[in-house]
Novice: 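Structure in structure tokens, see below.
Letters go in sequence order (proteins before strands), and every chain restarts at 1. As the structure is a computational prediction, the values presented were derived from the model and not from experiment. Just so you know, these numbers use all the heavy atoms, side chains as well, and skip hydrogens, waters and symmetry mates.
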Number of protein chains: 2
Amino acid sequence: MAPGPAKKPSRIQQRNRRRILDAALDVFSGHGYRGATLDQISEESGLSKPNILYYFDGKKDIHVTLLNQLMATWLDPLREMNPDGDPLDELLAYVHRKLEMSRAYPRESRLFANEILQGAPRMGPHLLSGLKPLFDEKTALIQRWIDAGRLAPVDPRHLIFSIWATTQHYADFDAQVRVLMTGDKAILQGADAYLDTMFRKLLTP
Amino acid sequence: MAPGPAKKPSRIQQRNRRRILDAALDVFSGHGYRGATLDQISEESGLSKPNILYYFDGKKDIHVTLLNQLMATWLDPLREMNPDGDPLDELLAYVHRKLEMSRAYPRESRLFANEILQGAPRMGPHLLSGLKPLFDEKTALIQRWIDAGRLAPVDPRHLIFSIWATTQHYADFDAQVRVLMTGDKAILQGADAYLDTMFRKLLTP
DNA sequence: TCTGAATTTGACCATACGGTCAGGAAGTGC
DNA sequence: GCACTTCCTGACCGTATGGTCAAATTCAGA
């Protein structure tokens, strides 16, 4: 029987569950759900396959756990956008935070991209219940800023999309970016300056 | 023995190879390379599994064929950027063509995204030999336009990245976009107007 | 140190997968 | 109609995969 949810996890449980999830993040983000195997996760984590299944109810359970963890922190940058701040500053800060996430958590970005790319079969409800409300809230906020003349008039929804697309591109398409930017060490730094210019010009009233 | 490359393909061969590739595009773009199975391609195409292996040398052969076909047409919009045209017009037209590709060939876009996401294991050389030269050529062209004062000064490489990211986003993250834009039928039309504004403001000197 | 619970493992299972093969069905040219 | 090639299929194979289980090992508290 897998450790029930009632009792608090021992130190061993914490350590091994973390190991498994870390290895699984590597494997799932690199091969997609179906392409990932428990044996790979086993090898990468250093735990035997049956032992992994002692800590998780199965492959799907591991994947779902990862996606839940991800959703919990992935939207933080958007959540932090402050209605009382300066609109342009807030949005540019959001772009910056989002790009920083690409740098710090590329595997998480790719895990998410894989799931969406395949039609979000294991995440559809989460998107609707977790992401949609926040998205609606923030697009409404941006619209209010625009109506008040504090931002240039653009469709807030497409604005958010373009921020996500441009920032996540550096993590998700890393293999391509790397080939095309051979020799340039400071890719993300250049991206930061570029995106700042871009969104500043777009949004300045 | 699979049909050799020496003889011209019969009508049956043309039809069945096309069927297989079309089905395979569905399956590969939706599940990634490892996640796709010959049985799925078999069912989707209406051809038996051994028959599929009569036309192709194996799963890998089908995938490679798709990627080659893709590369041949995928870069056309970029290739068409005319050095003698008006810089701003050329770039905005490129954005428009790229977005149109997302609308017309979403499966191809996702096939490509899947491959890059997983580190381009079967496409790395292609990127270097096919994409890199074109990328270098066009970024150099844009830089010349900038040096001549005909475009606002931005990093041409990040400019291209941002065009790819924003346009392909609507195909690759379709599942997410659909959830967040419930009710809006004309998503791509709105995107077209938004991106036009965005890049116009960015690039106008 | 002893004891019961938590942790770990080797051996095993059913299924699914990519691929093969011998032979049958269907075209094609004469 | 006949012969020859092309096209197609059912049955099969070796391997990989997700998962199970009984038994062994380790751990934590008294």
Novice: With the threshold set at 4.0 Å, does a side-chain nitrogen-carboxylate oxygen contact exist between D76(B) and R79(B)?
Specialist: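 A salt bridge links D76(B) with R79(B).
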
Novice: Using ring centroids (six-membered ring only for Trp), state whether F56(A) and H63(A) fall under 6.0 Å.
Specialist: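 No, ring centres 6.0 Å or more apart.
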
Novice: Rounded to the nearest angstrom, tell me the gap between atom CD in Q40(A) and atom C1' in dG18(D).
Specialist: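 Roughly 13 Å, once rounded to whole Å.
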
Novice: Ignoring backbone atoms, test whether Y55(B) places a side-chain nitrogen or oxygen under 4.0 Å from the OP1 or OP2 oxygen of dT6(D).
Specialist: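 Negative; the distance criterion is not met.
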
Novice: Does dC8(D) have OP1 or OP2 sitting under 4.0 Å from an N or O in the side chain of S48(B)?
Specialist: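 For dC8(D), OP1/OP2 do not have a side-chain N/O of S48(B) under 4.0 Å.
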
Novice: Looking at the side chain of Q13(A), which of dG19(D), dT7(C), dT8(C) is the nearest nucleotide?
Specialist: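 So the nucleotide nearest the side chain must be dT7(C).
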
Novice: What about K49(A): does its side chain form a donor-acceptor pair under 3.5 Å with the base of dG18(D)?
Specialist: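 Side chain to base: pair present.
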
Novice: If you check every side-chain atom of P50(B), which of dC21(D), dC8(D), dC21(C) has the closest atom?
Specialist: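 Closest of the options to the side chain of P50(B): dC21(C).
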
Novice: Heavy atoms under 4.0 Å, any strand shown: does R34(B) hit a base, just sugar-phosphate, or nothing?
Specialist: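 The answer is sugar-phosphate, as R34(B) gets under 4.0 Å only of primed atoms, P, OP1 or OP2.
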
Novice: Quickly work out the D39(A) CG to dT15(D) P distance and round it to whole Å.
Specialist: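 So the two atoms are 15 Å apart, to the nearest Å.
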
Novice: Under a 4.0 Å threshold between the charged nitrogen and the carboxylate oxygen, would R97(B) count as salt-bridged to E100(B)?
Specialist: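 So E100(B) does not pair with R97(B) through a salt bridge.
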
Novice: I want to check one thing: is the phosphate of dC8(D), taken as OP1 and OP2, less than 4.0 Å away from some side-chain N or O of N16(B)?
Specialist: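 Looking at the OP1 and OP2 atoms of dC8(D), one of them is under 4.0 Å from a side-chain N or O of N16(B).
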
Novice: Which nucleotide wins on minimum distance to the side chain of L53(B), given the candidates dC8(D), dG19(C), dT9(C)?
Specialist: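 Closest nucleotide among those given: dG19(C).
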
Novice: Is the shortest side-chain N/O distance from N51(B) to OP1 or OP2 of dC7(D) below 4.0 Å?
Specialist: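 For N51(B), the contact criterion (side-chain N or O under 4.0 Å from OP1 or OP2 of dC7(D)) is not met.
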
Novice: Please tell me which of the listed nucleotides, dG18(D), dT17(D), dC7(D), lies nearest to the side chain of L38(A)?
Specialist: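 Nearest listed nucleotide: dG18(D).
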
Novice: Evaluate N16(B) against Y55(B) for side-chain hydrogen bond (donor to acceptor under 3.5 Å, both in side chains), listing each step before the verdict.
Specialist: CA-CA 8 Å; N16(B) 283 353; Y55(B) 287 103; 3.1 Å; yes

Novice: May I have the distance from R15(B) (atom CZ) to dC7(D) (atom P), rounded to whole angstrom?
Specialist: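 Answer to the nearest Å: 10 Å.
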
Novice: Give the nucleotide from the list dA6(C), dC7(D), dC17(C) with an atom nearest to the side chain of Y54(A).
Specialist: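 So the side chain of Y54(A) is nearest to dA6(C).
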
Novice: Any Lys/Arg nitrogen of D22(B) or R18(B) sitting under 4.0 Å from an Asp/Glu carboxylate oxygen of the other?
Specialist: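 Salt bridge between D22(B) and R18(B), a charged N being under 4.0 Å from a carboxylate O: no.
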
